[in-house]
Engineer: 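Just passing along the structure, written as C-alpha cells.
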Amino acid sequence: MENKPESTATNNFIKTIIREDLKNNKNNGRVHTRFPPEPNGYLHIGHAKSICLNFGLAQEFNGITNLRFDDTNPTKEEVEYVDSIIEDVKWLGFDWDDRLFYASDYFDALYDYAVDLIKKGLAFVCEQTPEEIRLCRGTLTEPGTPSPYRNRSIEENLDLFERMKNGEFEDGSKTLRAKIDMSSPNINMRDPVVYRIKKAHHHRTGDKWCIYPMYDFTHGLSDMLEGITHSICTLEFEDHRPLYDWYLDVLETPCHPQQIEFARLNITYTVLSKRKLLQLVQEGHVSGWDDPRMPTISGFRRRGYTPSAIRDFAEKIGVTKAESIVEFSFLEYCIREDLNKTAIRRMAVINPLKVTIENYPEDMKDDYLEAVNNPEDASSGTHQIRFSKVIYIEKDDFMENPPKKYFRLYPGSEVRLRYAYFITCKEVIKDENGEVIELICTYDPASRGGNSPDGRKVQGTIHWVSAEFGKQAEVRLYDNLFLEEDPNKVPDGKTFLDNLNPNSLKVVTALVEPDLIDAKPGEHYQFERVGYFVADYKESRLGKPVFNRTVGLRDTWSKLMKK
RNA sequence: UGGGACGUCGCCAAGUGGUAAGGCACCGGAUUUUGGUUCCGGCAUUCGUAGGUUCGAUCCCUACCGUCCCAGCCA
C-alpha cells in the first residue's frame, strides 16, 4: 500500500470509513462508487464536488466509479440534460469506461423486486388519492393512520399491481406502497410509495412503462445491482438511509452498499438549486445554462475556468458533514493559481486613452520589441510587438491629480511602457466637458526595451497597445450574478431574483495585440495587469474574437485606494 | 414542541484523551519591466455554553443554546 504525502492527500471522514472497510476486508477489498445525477438540469459546481469525491475516492483506493442516470421521473428528464452531463463529467477529467448506466436499465428487475415485496406481504396497492395519503401520513409530532387498503391479500395486490403495469388505471389513481410503520417517527418509513402511475413518455424506455419506481426503492437496488460498495450522497438523504437499508434487507439482496452522507456545497453570491437555476434560464435572466455567470460546470467552462482548477477547489474545500458556505473568492484563488502558471500573456487595453508621443519619428518603421509569453514558463518563448507614434493606454493608468503613491502616469511623471520605452506626460488634452481625451508625451529612445542606460528608475510600468497595429475585440466583463452573499436572504415579498446584479455583464470593445484577433475558442490569456480571459467557446470566431473575463488579477492598489 | 444531523480563527478544514495541522483572507517586510507572481514573518492559552469524569478533555458523560433537514404519487 502506498503512503501518500500528507500535503497532497487531505483526510476526510469518508476516507476514514473506507480505510476501515479495507482493513476489515469488507467487500473483498473493493471500492466501487457511482455518480448518480438526475438528468433534469445541467450539472453545477456542487455536483463537481460530488463528482470529484466519488471518482477521486475510487482513484485513491484503486476502485472504479460508475456514471448512472437516476431517470425514474420521465416528466422532468430530458436527453439534452443527459448529453450535457456526459460532456461535463468528461470535461472535468473523469472516466467511467464502459460503465454508463441508467436506473431505467433496471426497470424490469425493479418490477420483479416489487413483486417480491408483495409476495413477502411487505407491499400493497393503495387507492388513496394524493390528498388522502398526505392526510393519513400524520405530522412531525403525530403518527399517521394506516391506509384502508393496507390489508389486501397478496393475490389481490399481485393482480392489481400487474394491472397497474398494464395501464388499466389512470395516473394517480393507485400506488404501490411498502408496508412498514405508519407510526414511525421517521416519516419516510410511514408506508412510502414504491411505484406510481405516470403515463408519460420516457427518454429511454419510451412508452414501455406507465408505472415508475420511486427514488428510495430504485436507488439502493440500483447500487446493489451494480455492486456499489460506498453510496455517497448529500445530507438531506440521511433520513432516507433507514429506508434504503430496509429495501435491501427485506429483499435479502446479495450485497448491501453503504450509504454515506456529506454536506453539499454552498458558495457566496450564488445559488445552487436546480430549480432556481432553471428559473434563471427560463425567465431569461441569463443567456442559458452555460451563461458564463452561471455556477454550472458549462458556465464555468465558458467563463474560462479549467478542470484542474475546479478539481483543486473540490480537494481544497474538503468533505464533511458540517454545512458551510465557501467564499466565492476561494474559487477565484484556485483559477488564478492555475492560470498564472499556464496562461499566455498579452497586452489589451479595456478602456482606451489615446497617447501621442510627440518626439517619436513620423517615419519610424518596423520598431519591433520583444515580449515574453509567460514569465512563469520559460518554454513558452517570446513574441514581437510593434511600436508606433500613437498608442492607447488604460484610462485608469492616468490621473491628472493623483493621490500619494500613485505610480502611473500624471502630468510630468515618467513611466515605463511594458517591453517598450519610458514616456513622460507633457500635456493633457480635454474635450469641451473637461474629459481627458488625449495625452501628449515624449519618449526616451535610449530606454528601448524598458531600461534606461543611465540607470534611471521609474515607479510604474503600464501596458499599451499600438493604435496603428492593435486590433479591436469584444470583451465581456463578468461579475457576480448576485449582489448579496446569500442571494436567498430577502425581505418579505422579495425573491432571490431581487438580488440579481444588474451589472453582472458589461460588454466593451477593447484594443488588443494583433495576434489575438485569431485566438482560438477556449484559449486562455492573461491580459497583463488586467486579468485572465478566455476566447469564448461558443461565440468567438477566428478574426472576430470574443473574450470572457474569467477573473481579474489580484489588485492591491485598488484595495489600498478603497481604504 | 417527533425524528435525523451539525457546531474548531473572518471563510474552509485536520486533529477525537496528552496539552490546537494546513489552505484562503488579513497584516507586516523582501524581490519584481504585470501595484501580478514568488519569498519571508505575523495571525485560536483556545475548540457553541455550563457542569461532570480524569493527573490531564476539542476529544468521554450530562444538560442547555444555536443552525440545518424531513409531513412530493421529486430526486
Side-chain angles (χ1 to χ4, degrees), chain A residues 6-7 10-12 36-38 40 70-73 75-77 126 128-130 133-135 137-144 171-177 183-190 192-198 211-212 214-216 218-219 233-242 261 263 268 274-275 315-327 329-334 336-337 340-341 345 347 371-372 375-376 405-408 416-420 422 447 449-451 458-463 526-531 552-561:
Chain A
E6 290 302 322
S7 54
T10 56
N11 202 17
N12 64 51
E38 183 191 12
N40 67 342
D70 219 329
D71 56 351
T72 57
N73 186 353
T75 58
K76 288 189 177 172
E77 296 148 7
C126 182
Q128 287 186 304
T129 63
I133 290 183
R134 179 162 45 78
L135 260 20
R137 190 147 30 218
T139 68
L140 294 177
T141 51
E142 300 157 310
D171 281 16
S173 63
K174 289 181 178 51
T175 58
L176 182 71
R177 291 228 260 161
S183 61
S184 171
N186 181 344
I187 291 177
N188 293 304
M189 300 300 269
R190 317 236 264 230
V193 171
V194 181
Y195 265 89
R196 76 285 215 190
I197 302 171
K198 271 182 193 285
I211 56 172
Y212 292 92
M214 297 289 289
Y215 166 84
D216 291 294
T218 308
H219 207 88
C233 62
T234 44
L235 250 28
E236 67 271 26
F237 292 102
E238 222 156 9
D239 286 342
H240 295 241
R241 186 168 6 110
E261 310 87 11
T268 56
K274 277 195 195 172
R275 205 210 94 227
E315 179 70 27
K316 283 190 157 95
I317 57 174
V319 180
T320 67
K321 296 192 69 155
E323 289 178 82
S324 58
I325 305 171
V326 177
E327 292 171 345
S329 58
F330 195 57
L331 233 190
E332 294 185 325
Y333 163 79
C334 293
R336 284 195 192 105
E337 191 187 36
N340 174 51
K341 286 180 287 198
R345 270 62 167 177
M347 293 197 282
V372 306
E376 305 294 320
K405 299 249 207 117
Y406 186 80
F407 297 162
R408 284 108 97 148
R416 169 165 43 230
L417 293 176
R418 176 139 239 233
Y419 298 122
F422 287 4
S447 64
N451 283 303
V458 288
Q459 288 198 103
T461 299
I462 65 175
H463 60 279
Q526 183 199 99
F527 291 171
E528 294 216 38
R529 302 209 312 130
V530 179
L553 250 31
R554 257 186 81 213
D555 189 350
T556 323
W557 170 247
S558 76
K559 227 178 271 172
L560 227 184
M561 284 292 79

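All chains are named by letter (A, B, ...) in the order of the sequence lines, taking the proteins before the strands, and each is independently numbered beginning at 1.
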Engineer: Mind checking whether A:Tyr215 and A:His240 have parallel, tilted or perpendicular rings, split at 30° and 60°?
Structural biologist: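 The rings of A:Tyr215 and A:His240 stand perpendicular, inter-plane angle above 60°.
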
Engineer: With a 3.5 Å distance limit and no angle check, can you tell me whether A:Asn188 reaches the backbone of A:Asp239 through a side-chain donor-acceptor pair?
Structural biologist: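 Yes, the answer is positive, given that a donor and an acceptor are paired below the 3.5 Å cut-off.
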
Engineer: Between B:A44 and B:C11, how many Å separate the two P atoms, rounded to a whole number?
Structural biologist: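 So the two P atoms sit 16 Å from each other.
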
Engineer: Within the 4.0 Å heavy-atom criterion, would you say A:Thr218 contacts the bases, only the backbone, or no part of the nucleic acid?
Structural biologist: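 The residue A:Thr218 makes no contact with any strand.
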
Engineer: Look at the side chain of A:Asp239 and the base of B:G3, then say whether one donor and one acceptor between them are separated by less than 3.5 Å.
Structural biologist: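 Yes.
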
Engineer: State whether A:Glu38 and A:Lys274 are salt-bridged, where the test is any N-O pair (Lys NZ or Arg NE/NH1/NH2 against Asp/Glu carboxylate O) under 4.0 Å.
Structural biologist: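 A:Lys274 and A:Glu38: not salt-bridged.
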
Engineer: Between B:G18 and B:C65, how many Å separate the two C1' atoms, rounded to a whole number?
Structural biologist: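 Per the computed distance, 30 Å lies between those C1' atoms.
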
Engineer: Can you tell me whether the side chain of A:Arg408 and the base of B:G35 have a donor-acceptor pair closer than 3.5 Å?
Structural biologist: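 Flag set: donor-acceptor pair detected.
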
Engineer: Does A:Thr556 make a side-chain N or O approach to OP1 or OP2 of B:G36 shorter than 4.0 Å?
Structural biologist: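 Indeed, a polar side-chain atom of A:Thr556 lies that close.
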
Engineer: When you compare B:U8 with B:U45, how far apart are their P atoms, in angstrom units rounded to a whole number?
Structural biologist: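 To the nearest whole Å, 15 Å.
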
Engineer: I want to check one thing: is the phosphate of B:G35, taken as OP1 and OP2, less than 4.0 Å away from some side-chain N or O of A:Arg529?
Structural biologist: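 Checking B:G35 against A:Arg529, a side-chain N or O does come within under 4.0 Å of OP1 or OP2.
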
Engineer: Could you say whether the aromatic ring of A:Trp557 and the base of B:G35 stack, counting only centre distances under 5.5 Å and plane angles under 30°?
Structural biologist: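 Answer is yes, a stack.
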
Engineer: Return yes if the base of B:U34 and the side-chain atoms of A:Gln526 contain a donor-acceptor N/O pair under 3.5 Å, otherwise no.
Structural biologist: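 Flag set: donor-acceptor pair detected.
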
Engineer: Could you check if the base of B:G51 is syn or anti? Syn means the glycosidic torsion is within 90 degrees of 0.
Structural biologist: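 B:G51: anti.
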
Engineer: Students often get this wrong, so: under 4.0 angstrom with heavy atoms, is A:Thr320 touching a base, only sugar-phosphate, or nothing?
Structural biologist: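 Result for A:Thr320 = sugar-phosphate.
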
Engineer: Looking at A:Gly172, is its backbone amide N or carbonyl O close enough to the side chain of A:Arg196 to form a donor-acceptor pair, meaning the two atoms are under 3.5 Å apart?
Structural biologist: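 It does not hold such a pair.
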
Engineer: At under 4.0 Å between heavy atoms, what does A:Arg416 touch on the DNA or RNA strands: base, sugar-phosphate, or nothing?
Structural biologist: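 Base: the residue A:Arg416, judged by heavy atoms under 4.0 Å, touches a nucleobase.
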
Engineer: Could you measure between the two C1' atoms, the one in B:A5 and the one in B:C43, and give it in whole Å?
Structural biologist: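 After rounding to an integer number of Å, I get 32 Å for this pair.
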
Engineer: Contact class for A:Lys198 (heavy atom, under 4.0 Å): base, sugar-phosphate, or nothing?
Structural biologist: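 Sugar-phosphate contact only.
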
Engineer: Given the structure, check if the side chain of A:Glu376 and the base of B:G36 hold any donor-acceptor pair shorter than 3.5 Å.
Structural biologist: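 Present.
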
Engineer: For the side chain of A:Arg345 and the base of B:U34, is some donor closer than 3.5 Å to an acceptor across the two?
Structural biologist: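 Flag set: donor-acceptor pair detected.
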
Engineer: So A:His240, base contact, sugar-phosphate only, or nothing? Heavy-atom distance under 4.0 Å.
Structural biologist: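 It contacts base atoms.
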
